[in-house]
Amino acid sequence: MGPKRKSTGSLNATPKKGKKDVDSGTQSTLDAFLGIKSLVSPGGNKRDGSVTSQTSAERDENGEKIPAAVLAGDQFEQWEEWPPETWATNAKPRKGFDSVRDVAGPELVPGPVVETSAVSISVQPVDEPVLPINECVETRPPYWQSGPTPYRLLAERFAAVSEVTGRQVITEKLTHMLRLIIRHAPQDLLPALYLSSNNIAPAYEGIELGIGPQILVKAITSISDMSSKTIKATWDVKGDWGDVVVAARMSTQMLVQPKPLTVAGVFSTLQKIAAMKGQGTVNQKADLVKKMMIACQGEELRFLTRTLVSHLRIGAVRTTILIALSHAVLLEHDIPADVLKSLSKDQLKARVKTAEQTLKECYAQVPNYDIIVPLLLNPDIGLARIIAECKCMPGVPIRPMLGKITRDLTEVFENLEGMNFCADYKYDGQRAQIHRSDSGEITIFSRHLETMTDKYPDIITLIPSIITPSTTSFILDAEVVAIDEAGAVASFQTLSNRARKNVAEGEVKVKVCVYAFDLMFLNGVSLITESFRTRRDAMRKAFVPVEKRFAFVEQLESKEPDEIQAFLTQSLQNGCEGIMVKILDTPSTTSTSTRRSLLATYEPDKRTESWLKVKKDYLSTLADSFDLVPIGAWYGTGRKATWYSPILLACWNPETECFESFCKCMSGFSDAFYKSMKDRYSPESGKLLPGPKSYFTISDSQRPDVWFLPSEVWEIRGADLTVSPVHQAAMGKVDEAKGISLRFPRFIKVRDDRSVEDATTPDEIVHMFTRQRVRGPEPVKEAAEEDMGGDNEVEDDEII
DNA sequence: TTTGACTGCCC
DNA sequence: ATTCTGC
DNA sequence: GCAGAATGGGCAGTCAAA
C-alpha cells in the first residue's frame, strides 16, 4: 500500500455538517420556483460529507492503517464563509477517517498554491441576485457572453447544487441553468440534460461509456505526476473520483490551457468514447479523457470526472432534473413574458404543478429526451400539447409500475380493506416488457429499460404461438423464469447463467418460461388508464398459454386472509419469492372518504400501494436469519465517508475453529449505529488488528481496509443463499471450489446474548441452503418453523 | 490461448 | 435488490 | 411519502496482460 509516513495538514475554515445551511423549508414552493428569496448561503453542507480538516495519518508496523482518535465532527459546528481560494486549492480529506487513512504521500501536502483557475471557482455567483423572473435569465455569467454553452456553466451549477440539500433550492438552481440554455443556446439543452442526468443516451439504446476507475487512473497518471499507486491511495482518502482528480492535477503544474470546454463538445466526446470498441480502445478512451481533463478549469474537472464514472452526486437525478426541465420550459416557452406578469400567484402555482405532472407522465411513457426535448421546444407543441405526443407505443419502453414493500400480511388487509384485489405469484426471475409493433417487430426490455431482445431469441419465436389471431400490437408485462427439463421453475442464479449476446436460438442452454401478469397496450390502444381487472381480462383473451413456455402468473382472487396466507406459503413452496397483491378495480370515490384513493390503473414509474409486494424475507416469521461476526470493514464513501461501510461478516466453523467470510453488509445500519461502531472499533478499543488473524478464512478479493478482532455477533437477514465464487463459508460443502453467501444481506440487530462461538456454523448454512432448494409439488415444511439462525423472540404472526 | 481485471446490469 | 435520511 | 445515496451477490461480456 501507500508509503509509511506522517503528514500534517492545515486546518481550514470548514463548512459545517448538518442542516443549518439552507432554510428552504420555510420558503414557499412558488417563491422558490420564481427564484425570489433565493438567499442561500454558500458553504453549506457538502453532500459528500467532506471537510477541510486534516490530521496525521499513521500506520502500524505491518503497514495497516490504524484509526487514530477520531475527529469530532461537532467541533466544526459553526460555519464560515469559505473563500474560493481556500477550497479550490486544499485537499478535502474525508472527515473522521482522515486520521485512519494514509494521506497519500507528499503530493497531497498543501504546498505552494499553483492553482491556475481559482477565479473560476465561485461561491458568490452561485446564487443569482434577486431578480424579477422575467429578467434573471437575461444576465449570463461573464464567461459566457455569446456562442455555445460553456461546460463551465454546468460545472458551476453542479457545484452550487451539491452545496445545498433542499429540494426546492436544488430545483431552482437547475431550473435557472436550463432557462439560460433554452434562452441563449437551445441546441445545447439536450446535451445539457444528458450531462445533468448522468446519461449519454436513452437506456434502451444500449450505449455504454465503458469507463471506470481503470481508464481514469490511466488518464490521471498521464496528466499528473502521481503514480497509479498514489492515485489509489488518494481514492482511499477521498472516496470520490472527482475529488481525486482535482487533487491529482494540483500536484503538477498544468499551465497550458486549451480552449474552454463546451457542453456540446463534452457530450459529443462522451459519445465518441462510447462508440469505441475493440482492441486498443482502452488507451484511446484514456486519451480522450485526458484531453478533456487538460482543458478543464475550476470545477469542471471534478464534475467531468464524476460524469465519467457515472456518479455525479449532486443530489438530483432523474426526477429532479425532470421537474427543473418542466419549470424551465414553462417559463421560457409556454408562458409568454407579458402573460407571466399578469398571472396571480395561485394561477402560476397551478401551472407549475401541471407542468411537473405533464412532463413526468410523458417521461414515464416515453423515457427518451431525444424525443421529448424537440417536442418541448417546438412552438406548436410545448408543455401544452406534449402529452398527446408522448403516449406509450410498442418499440419504446415504458417505465414499469412497481410494488410497495409490505412487512406483514395484516398490513395488506388494512391497506386494501373494502377494495377488490387479487394476489399474483412473484416469480424469481427477470422482469421483461415484451413489445410487438403492428409490423410484427418484437422488442424486449428489462426493468431498467435496457434492450434485451438479443438475449431471448426463444421468446421472439415463441410469440406467434401465444397470441390469438386478433392480437397484433401489444406491450406485455412479464417475468422470465428459468425452468428445468420438467418445467419446474429454477433459481434466479440459474437464469443468470444465461448468455446475453449473440444468442442463437438453437443454442439456448438455460430454458425459460414467460409468466405474464399485465398488458399495457393492445392492438393500437393504450390500456394504462384501464383498471387492472380490465387489463388482465384483455390479456387472458389476447394470449394463450403454451406449456413450459408461456403462462399467466398464478393468481388468487380472494379476500379471505387464510386463503391468501395459504397462497403465499404455496408460492414459496413453488420456488417464488412471494406474492404481489394488486387492486383490481379503482374504488368509487364516495366510499371511504378518509383514505387516499388507490388506483387500479397502470401507473408507470410509480411505487404505489396499488401493488403490494409480500416477500418471504420481509416477514420475520419466514425469513432466515444468521448470527454473524464482523471481522473487517472498508471505509465508506460519499455519505458514509466517515464510517465503516460495508462490513465483512463471517460465520464460525467450530471444526476448524475458523471464521469464514460469508457476506458483506451495508444495509440496515442507522447513522447512530455507524457512529457507535466507530467507537467500538477505535484504536483504543484494541479491536483493530494489524492484519487478518490466521483463523480468518477469506479470499483475496475480499480483503477489507481494516481488520476486526472477532468480538460481536450480529443478526443478519437476507433473501436466499447463493453458491459463491468468493465467499468461503461452507467452502466445499455444496460445491468443491465454492462457498455459500447471502442475497440481499441486511443488519437487523446486535446479539448481545451471544458470543462469537455461538455464531451460525457452516453446517447450519448448508442445511438452510439444502432446504431452500426443495421445490415443486412436495411441501417444504410448516412455514413458521424456526430453527437455526436463532430467532429467539419471534412472536407469532397470526393473520388478523 | 488462457486468465483475470474491469464494467455493466440483473436481482 | 434493501435500507436509511432529509425534506 | 418521495427522492437520493450507498452499496449487497453474482453473472456474462470485453479487452489487456500473461
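So you know, we letter chains A, B, ... as the sequences are listed, proteins then strands, and number each from 1. All values below were derived from every heavy atom in this structure, side-chain atoms included, with hydrogens, water molecules and symmetry-related copies excluded.
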A.B. asks: When all nucleic acid strands are considered with a 4.0 Å heavy-atom cut-off, which category describes A/Ile211: base, sugar-phosphate, or nothing?
C.D. replies: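 Here A/Ile211 touches the backbone only, sparing every base.
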
A.B. asks: Please identify each residue that fulfils side chain to side chain donor-acceptor pair (under 3.5 Å) with A/Lys455, with sequence neighbours left out.
C.D. replies: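 For A/Lys455 the side chain to side chain donor-acceptor pair (under 3.5 Å) partners, ignoring immediate neighbours, are A/Gln430.
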
A.B. asks: Regarding A/Asp671 and A/Arg639, does a basic nitrogen lie under 4.0 Å from an acidic carboxylate oxygen?
C.D. replies: yes

A.B. asks: What residues, two or more places apart in sequence or in another chain, satisfy side chain to side chain donor-acceptor pair (under 3.5 Å) together with A/Lys675?
C.D. replies: none

A.B. asks: Below 4.0 angstrom from OP1 or OP2 of C/dC7, is there any side-chain N or O of A/Thr165?
C.D. replies: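 Answer yes for this pair, as a side-chain N or O of A/Thr165 is under 4.0 Å from OP1 or OP2.
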
A.B. asks: For chain A and DNA chain B, what are the first and last nucleotides along the strand, 5' to 3', with at least one atom under 4.0 angstrom from a heavy atom of the protein chain?
C.D. replies: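 Range of nucleotides within reach of chain A: B/dC6 to B/dC11.
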
A.B. asks: Using atom C1' in both nucleotides, what's the gap between C/dA1 and B/dG8 to the nearest angstrom?
C.D. replies: 15 Å

A.B. asks: Just to confirm, is there a sub-4.0 Å distance from OP1 or OP2 of C/dT2 to any side-chain nitrogen or oxygen of A/Lys613?
C.D. replies: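 A/Lys613 to C/dT2 OP1/OP2: side-chain N or O found under 4.0 Å.
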
A.B. asks: Describe the nucleic acid contact of A/Lys285 in one word from base, sugar-phosphate, nothing, applying a heavy-atom distance below 4.0 Å.
C.D. replies: nothing

A.B. asks: What interatomic distance, in whole Å, is found between P of B/dC11 and the corresponding atom of D/dA6?
C.D. replies: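 The answer is 22 Å between these two P atoms.
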
A.B. asks: Side-chain contact test, heavy atoms from C-beta onward, threshold under 4.5 Å: evaluate it for A/Arg318 versus A/Asp605 and give yes or no.
C.D. replies: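 Yes, side chains in contact.
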
A.B. asks: Using whole Å, what does the distance between atom P of nucleotide D/dA12 and atom CE of A/Met452 come to?
C.D. replies: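 A/Met452 atom CE is separated from D/dA12 atom P by 16 Å.
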
A.B. asks: Partners of A/Asp458 by side chain to side chain donor-acceptor pair (under 3.5 Å), sequence neighbours excluded?
C.D. replies: A/Arg498

A.B. asks: Determine the contact category for A/Arg746: base if any of its heavy atoms lies under 4.0 Å from a base atom, sugar-phosphate if only primed atoms, P, OP1 or OP2 are that close, otherwise nothing.
C.D. replies: sugar-phosphate

A.B. asks: So among A/Asp720, A/Asp617, A/Asp624, which one has a salt bridge (charged side-chain N to carboxylate O under 4.0 Å, His left out) with A/Arg743?
C.D. replies: A/Asp720

A.B. asks: Distance check needed: C/dT3 P versus A/Phe744 CZ, whole Å only.
C.D. replies: 10 Å

A.B. asks: If you restrict it to nitrogen or oxygen atoms, what contacts under 3.5 Å exist between nucleotides 16-18 of chain D and the protein, and what is each distance?
C.D. replies:
from   : atom 1 : to       : atom 2 : distance (Å)
D/dA16 : OP1    : A/Gly280 : N      : 3.1
D/dA16 : OP1    : A/Thr281 : N      : 3.4
D/dA16 : OP1    : A/Val282 : N      : 3.2
D/dA16 : OP2    : A/Gly280 : N      : 2.8

A.B. asks: For residues A/Ser667 and A/Pro745, report the shortest heavy-atom separation together with the two atoms involved.
C.D. replies: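 It is CB-O, 4.0 Å.
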
A.B. asks: Apply side-chain contact (heavy atoms from CB on, under 4.5 Å) to A/Arg431 and list each qualifying residue two or more places apart in sequence or on a separate chain.
C.D. replies: A/Pro400, A/Leu402, A/Arg447, A/Asp477, A/Glu479, A/Phe517, A/Tyr602, A/Trp611

A.B. asks: OH of A/Tyr674 versus C1' of D/dA5: gap in Å, rounded?
C.D. replies: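 Taking atom C1' of D/dA5 as the reference, OH of A/Tyr674 is at 11 Å.
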
A.B. asks: Can you tell me if A/Lys733 has over 12 outside heavy atoms packed within less than 6.0 Å of its NZ?
C.D. replies: yes

A.B. asks: Among D/dG10, C/dT3, D/dA3, which nucleotide has an atom closest to any side-chain atom of A/Thr319?
C.D. replies: D/dA3

A.B. asks: D/dG10, OP1 or OP2 - any side-chain N/O from A/Thr722 closer than 4.0 Å?
C.D. replies: yes

